[in-house]
Structure formats: structure tokens, C-alpha cells
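What you see below is based on every heavy atom in this structure, not just the backbone, and it leaves out hydrogens, waters and symmetry mates. All values reported here derive from a predicted model rather than from experimental measurement.
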Amino acid sequence: MAKHTVVTMPGDGIGNQVLPQALRILKAVGFNAEYIHADIGWECWCKEGNALPQRTVDLLAKHKLGLFGAITSKPKKEAEAELTPELKGKGYSYFSPIVTMRQRFHLDTCIRPCISFPGNPLNFIRKKINGGFEEPFVNVVVFRQNTEGLYAGVEWTNPPEPVRSALATHAKFKPFTSVPGPDLAISVRIITRNAARKICEAAFEWAKKYGYKSVTICEKPNVLRETSGMMEEEARSVAREYRGIALWSTNIDAQTMWLTKNPEDYGVIVASNLFGDVISDAFAGLIGGLGFAASGNIGDEVAVFEPTHGSAPKYAELDPPIVNPIAMFLSAVMMLEHVGEAGKARRIGEAIAAVVKEGKVRTYDMMRIPGGPNAIRQGAASTIKMTDAILGKLKTAGELAYAGTQRSSV
Ligand code: NAI
Ligand code: MG
């Protein structure tokens, strides 16, 4: 019997191209697992009125470990238009299956490592004062609260009367009282102390485990006094339990400036949902962008690993596929680390590092050329060729230091 069972959810578009390649890599390192396919995404919405069918929820509840590709989502009106005729007008509304999954399984900790691979032509470089360029080594892991904040989903256009009356009890709502309902949209930013504490604890635990010297709480407490204020308060309280790890505090706006001035200064960053989403994408841009950005959604029982990128529909039909599978592979690496297979994770990380450093095999994004049918003719590696190159290096793994998600020098 296999030691692990993984629920595989390729989803839509390029999710179907990169996830099967990750399974080849996992097999090559001898990960002892059984894979169970589960449906998720746009087709489920169109045919069933639910992008996250109950059968998929049941599989995740049972096996507790998921590997996910990407999904397509579309605005409300388009979503309704693409619903199968039998379901139209029956009150179905589209919800993002990822957000639903995170909330349903309390996957409240999102981990997004942004760590440069030496030799990656997409790495951030900076001009030196006296001429020339330097390439700061980025080694950041973003901890994003994954279930609350502005993504909690509590929002209205034309809020019902009890909501308006409740808001009217706040002095700052006065200028809005006369706005007609259809012209008033409200999204509520909800932070609970327990969740704030939990994400801060997870960030500090990671810093302690992997030797980071600082944890930065990235919020906006001078303006969002209550919600960001509570995040800060909990970060300060948790920090007291971790002597030797400095707590830094930055505002989200300033942080997006500082990250290109001195990205090498940062280690672990912790933030609420929207700010964590923003800052992790910003840091990912410094280490190669969507082709390199992996993530883990971790709950007390269930964990799901996924690349940060979406379904890239414009490349989904290309044959051979051209997208970079490394983000997907790094998500599989995170999954291996999560289930205690650090050795296998390291082997994959080393193989990726070797291919990137060698620079002979590069997908179109790594060559900075447009994606599309001509990419391969211009010398770009296909998704499969990149996978083959990494598989090839697995045989000689161990030669290069791993530049994956666990690095101790900051
Ligand atoms: P996207 O991430 O799918 O693609 C944006 C662009 O980034 C692509 O056109 C491509 O140029 C590049 N790209 C993405 N992944 C790449 C890879 N692995 N290798 C090389 N290049 C890559 O985002 P977009 O176009 O905004 O959204 C497309 C669909 O994906 C939408 O329906 C959106 O809602 C959905 N989406 C889903 C996400 C998820 O499943 N987690 C996240 C983001 C978007
Ligand atoms: Mg994002």
C-alpha cells in the first residue's frame, strides 16, 4: 500500500500541462504515493453550477493532501452566460473554488517562498553606485493569512437596510449615508485575534526552524487602526516568545518600494490576506515571476500545494506546451517537505537548481521572448523538455546546493 495518498486537481488550462509533469518528477525520486484525480474548475461550474464539486471536497476531507494546478475564473456576467442552459436562472452563483477550498478546510496559513536560483536570467538586478550591476540574493518566505481579511467574502453592492443602519452607528460613515444603495459597494475586512496570532506563530516558527534572523509584519496600522492594529499587536506578542528573531514592521505601500531597493534585507514576511497576496507576487517578480512562484495552503488537517499562476488560457492549447513547469515542481517540493520527505524534496530542488544554473534548457519566459507557437522555434524549451532536463539532473543530484524553500543563511 502506498504511504501517501495525494488528491490531484489539475483544474483548467495549463494546470493540465504542468501537474502531470510534476507527477513524473515525484515518481522519479521514489515518492511512495497513490494519486487520486479530482475535478475542479471552470468545466465543473459550467456543467454543474459548482466549481468545487462535493466529490472533490469529500476526497480532500478523506486524504488531507492535495496538489492543485490552476483554475480559470471569469467575471459574474460571463460566468452566468457560460452556465449550461438547464442551470441558468436557477440561482447558481460562481465562487472561486480556491477561496472556497481555503475557507472550507480552514487552510489559514499560506506559505509563498520567493528564493532566487543562481543563474536565473530573470533574477532581479540592481545598478551599483560606481557602475555595473549586482544581483542581490533574495531569500524571502511570505506568510499570508489565507481565510480572512478583505477576502473573507462579506461584501455587498446595495447593502441591505440592517447593514446600512449598523454602519450608520459609526461616525465615519456619515458622508456615505446619502449614497443610493445601487451606488454603494462595501467589502468588509475581518481579522480575528486567533487567526492573526496563528499566522504570526507560523511565521516565527518557520524563521526559527530555518534560521531566518527577522520576521517582518507588513500591514498598515497607522490607517487601518483596528484590523492591521490587531495583526501588529499579535505579531509583537508572538515575537516576545522568540528571542533572537527580530520583529520588523513595515507598511504595505512602503514595503513595495523597499523590496526593490534592498530585497536581501528581508527574511520571513507575515501579512493579512490581501497584503500577503500583493507582497508575495511582488517578491515573486524578483526571482523569476510566475514560472517560479510556488505556494502551500496549510490547515490543521488538510494541506494543498499549488503554483501561484493561473490557467494561462492563451497557452493552454499549444502543442507542445510551452509554459514553465518549475512553479508546479516547487509546489510539489513544498508538499514533500510538508509530509516529512525532506530528502526527496532536496533532490528535486537540487536538480532544478542545476538546470537553471547551467542555462542550456530554458522555457520561453526564461528567455524573455513572447510566448506562443513560435517560442519553440526560437529556441525555447517545451514544458516537457524542461521536465526531461530536470529528470536528467536528478540522476546527478547532490552536486549543487539546493536553492529551494529551506535555506538557512539570510
Ligand atoms: P495567469 O497566471 O494564468 O497568466 C498570466 C500570464 O503569465 C500568462 O499569460 C503567461 O504569459 C504567464 N504565465 C503564467 N504561468 C506561467 C508559467 N507557468 N510559465 C510561463 N509563463 C506563465 O493569469 P491571468 O492571465 O491573469 O489569468 C488567467 C486565468 O487564470 C483567469 O481565469 C484567472 O482568473 C485565473 N487565475 C487562477 C489562479 C489560480 O488558479 N490560482 C491564479 C491567477 C489567475
Ligand atoms: Mg495573487
Which donor-acceptor pairs under 3.5 Å do the side chains of residues 62-77 make with protein atoms, sequence neighbours left out?
from : atom 1 : to   : atom 2 : distance (Å)
K64  : NZ     : A61  : O      : 2.6
T72  : OG1    : S311 : OG     : 2.7
K74  : NZ     : E82  : OE1    : 3.3
K74  : NZ     : E82  : OE2    : 3.0

Any Lys/Arg nitrogen of K3 or E341 sitting under 4.0 Å from an Asp/Glu carboxylate oxygen of the other?
yes

Tell me, please, which residues at least two apart from [X] pass side-chain hydrogen bond (donor to acceptor under 3.5 Å, both in side chains).
{"X": "D300", "answer": "K198"}
{"X": "E301", "answer": "none"}
{"X": "Y364", "answer": "none"}
{"X": "N120", "answer": "none"}

List the steps and the verdict of salt bridge (charged side-chain N to carboxylate O under 4.0 Å, His left out) for K393 and E358.
CA-CA 11 Å; K393 289 292 178 199; E358 201 171 73; 2.7 Å; yes

Please identify each residue that fulfils side-chain contact (heavy atoms from CB on, under 4.5 Å) with P20, with sequence neighbours left out.
none

Reported NE2-to-CG distance for the pair H37 and L19, which is rounded to 0.5 angstrom
10.0 Å

Rounding to 0.5 Å, atoms CG (L247) and CD (E232) come to a distance of 7.0 Å

Compute the ring centroids of W45 and F95, then answer whether they are less than 6.0 Å apart.
no

Parallel under 30°, tilted from 30 to 60°, perpendicular over 60°: which one fits the rings of F31 and H4?
parallel

Between [Y] and [X], is there a side-chain donor-acceptor contact under 3.5 Å, judged purely by atom types and distance?
{"X": "D365", "Y": "T363", "value": "yes"}
{"X": "E205", "Y": "Y242", "value": "yes"}
{"X": "D277", "Y": "Y151", "value": "yes"}
{"X": "Q145", "Y": "N273", "value": "no"}
{"X": "Q54", "Y": "T56", "value": "no"}

Considering residues, nucleotides and ligands other than R126, do more than 12 of their heavy atoms fall under 6.0 Å from its CZ?
yes

Which pairs with one or both residues in [range] pass salt bridge (Lys or Arg N to Asp or Glu O under 4.0 Å), sequence neighbours excluded?
{"range": "residues 9-38", "answer": "R24-D388"}
{"range": "residues 145-168", "answer": "none"}
{"range": "residues 246-259", "answer": "K220-D253"}
{"range": "residues 175-191", "answer": "R189-E219"}

Just jot down the ring pair (Phe, Tyr, Trp, His ring centres under 6.0 Å) partners of F275, sequence neighbours excluded, or say none.
none

Result block: side-chain N/O donor-acceptor pairs under 3.5 angstrom for residues 284-299, not counting sequence neighbours:
from : atom 1 : to   : atom 2 : distance (Å)
S295 : OG     : E306 : O      : 2.9
N297 : OD1    : R102 : NE     : 3.0
N297 : OD1    : N146 : ND2    : 2.8
N297 : ND2    : V304 : O      : 3.1
N297 : ND2    : E306 : OE2    : 3.1

